[in-house]
Peer 1: 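Have a look at this one.
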Amino acid sequence: MSSLFFDRVYSLCARIPIGKVATYHQLAKLVGSPRASRAVGMAMKKNPNAPTIPCHRVVASDGALTGYSAQGGLAQKKHMLLQEGVVFMGEKVDLTASLWKNE
DNA sequence: TGATTGACAGCGT
DNA sequence: CACGCTGCCAATC
């Protein structure tokens with residue numbers, strides 16, 4: 001189960017600092033396929049390393065929490081992000097303040 | 001091997 | 001501003 005694509009996505013996911021979030025499109029771009037945002041989402045959904053990969057730090061391009069396969073769903077995801085210090089704008093993440101610039 | 005799916009993104013209405 | 005449709009990529013059935 002070692003697809004280069006998934007591996008890249010997981011690596012980037014683990015690379016996202018606490019208090020920051022990345023968009024699916026951003027990860028897709030970093031892995032080399034700026035249009036593979038959907039494939040990135042699929043990798044998150046599969047998430048073989050659930051507790052190992054902090055995939056909860058990945059949100060939509062608009063900062064909205066689109067999905068979360070783990071326990072609790074989107075509510076839990078939002079709660080975790082808040083706990084890590086991510087700034088929320090209602091039900092969406094304030095990308096203006098918490099978007100990972102991939103430093 | 002082919003068709004369908006899926007945690008998206010962009011554009012149009 | 002909210003909703004809908006299309007396009008893209010890779011995985012899974």
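Atoms considered below: every heavy atom in the structure, side chains included; atoms not considered: hydrogens, waters and symmetry mates. Since we're looking at a predicted model, the values are computed, not measured. Throughout, a chain's letter reflects where its sequence line sits, starting with A, and its residues are numbered from 1.
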Peer 1: Can you tell me how far CD1 of Ile16(A) sits from CD of Gln26(A), rounded to the nearest 0.5 angstrom?
Peer 2: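 If we round to the nearest 0.5 Å, Gln26(A):CD and Ile16(A):CD1 are 8.5 Å apart.
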Peer 1: Do any of residues 69-88 of chain A sit with a heavy atom less than 4.0 Å from DNA chain B, and if so which?
Peer 2: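 Heavy-atom cutoff 4.0 Å gives Ser69(A), Lys77(A).
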Peer 1: Using a heavy-atom cut-off of 4.0 Å to chain A, what are the terminal contacting nucleotides of DNA chain B, in 5' to 3' order?
Peer 2: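 With heavy atoms of chain A under 4.0 Å away, the range is dT5(B) to dG10(B).
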Peer 1: Restricting to pairs with a member in residues 11-24 of chain A, which pass salt bridge (charged side-chain N to carboxylate O under 4.0 Å, His left out), not counting sequence neighbours?
Peer 2: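 Non-adjacent pairs meeting salt bridge (charged side-chain N to carboxylate O under 4.0 Å, His left out): zero.
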Peer 1: Can you list everything that forms a side chain to side chain contact (heavy atoms under 4.5 Å, CB included) with Arg8(A)? Sequence neighbours excluded, please.
Peer 2: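 Scan of Arg8(A) (side chain to side chain contact (heavy atoms under 4.5 Å, CB included), adjacent residues dropped) gives Leu4(A), Val31(A).
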Peer 1: Mind checking salt bridge (Lys or Arg N to Asp or Glu O under 4.0 Å) for Asp7(A) and listing every partner two or more places apart, or none if nothing turns up?
Peer 2: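 Partners of Asp7(A) under the salt bridge (Lys or Arg N to Asp or Glu O under 4.0 Å) test: none.
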Peer 1: Throw together a table of side-chain donor-acceptor distances under 3.5 angstrom for residues 95-103 of chain A, partners on residues two or more places apart or in other chains.
Peer 2:
{"unit_1": "Thr96(A)", "atom_1": "OG1", "unit_2": "Asp94(A)", "atom_2": "OD1", "d": "3.2"}
{"unit_1": "Ser98(A)", "atom_1": "OG", "unit_2": "Val87(A)", "atom_2": "N", "d": "2.9"}
{"unit_1": "Lys101(A)", "atom_1": "NZ", "unit_2": "Leu99(A)", "atom_2": "O", "d": "3.4"}

Peer 1: For Met89(A), which fellow cluster members are found when Ile, Leu, Val, Met, Phe, Trp and Tyr are connected by side-chain heavy-atom distances below 4.5 angstrom, either directly or through intermediates?
Peer 2: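 Met89(A) clusters with nothing; isolated.
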Peer 1: Checking Lys92(A) now: which residues fulfil salt bridge (Lys or Arg N to Asp or Glu O under 4.0 Å) with it, not counting sequence neighbours?
Peer 2: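 Per chain and number, Lys92(A) pairs via salt bridge (Lys or Arg N to Asp or Glu O under 4.0 Å) with Asp62(A).
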Peer 1: So, using side chain to side chain donor-acceptor pair (under 3.5 Å) as the criterion, who are the partners of Ser61(A) when residues are at least two apart?
Peer 2: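 For Ser61(A), no residue satisfies side chain to side chain donor-acceptor pair (under 3.5 Å) once neighbours in sequence are set aside.
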Peer 1: Give every pair of a protein N or O atom and an N or O atom of nucleotides 7-11 of chain C that lie under 3.5 Å apart, one pair per line with the distance.
Peer 2:
{"unit_1": "dG7(C)", "atom_1": "O6", "unit_2": "Arg38(A)", "atom_2": "NH1", "d": "2.5"}
{"unit_1": "dG7(C)", "atom_1": "N1", "unit_2": "Arg38(A)", "atom_2": "NH1", "d": "3.3"}
{"unit_1": "dC8(C)", "atom_1": "N4", "unit_2": "Arg38(A)", "atom_2": "NH1", "d": "3.4"}
{"unit_1": "dA11(C)", "atom_1": "OP1", "unit_2": "Ser3(A)", "atom_2": "OG", "d": "3.4"}

Peer 1: Which residues pass the salt bridge (Lys or Arg N to Asp or Glu O under 4.0 Å) test with Lys78(A), sequence neighbours left out?
Peer 2: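 Once residues adjacent in sequence are excluded, the partners of Lys78(A) under the salt bridge (Lys or Arg N to Asp or Glu O under 4.0 Å) criterion are Glu91(A).
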Peer 1: Go through the structure and list residues passing side chain to side chain contact (heavy atoms under 4.5 Å, CB included) with Thr66(A), not counting sequence neighbours.
Peer 2: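 Thr66(A) satisfies side chain to side chain contact (heavy atoms under 4.5 Å, CB included) with Tyr24(A), Ala60(A) only.
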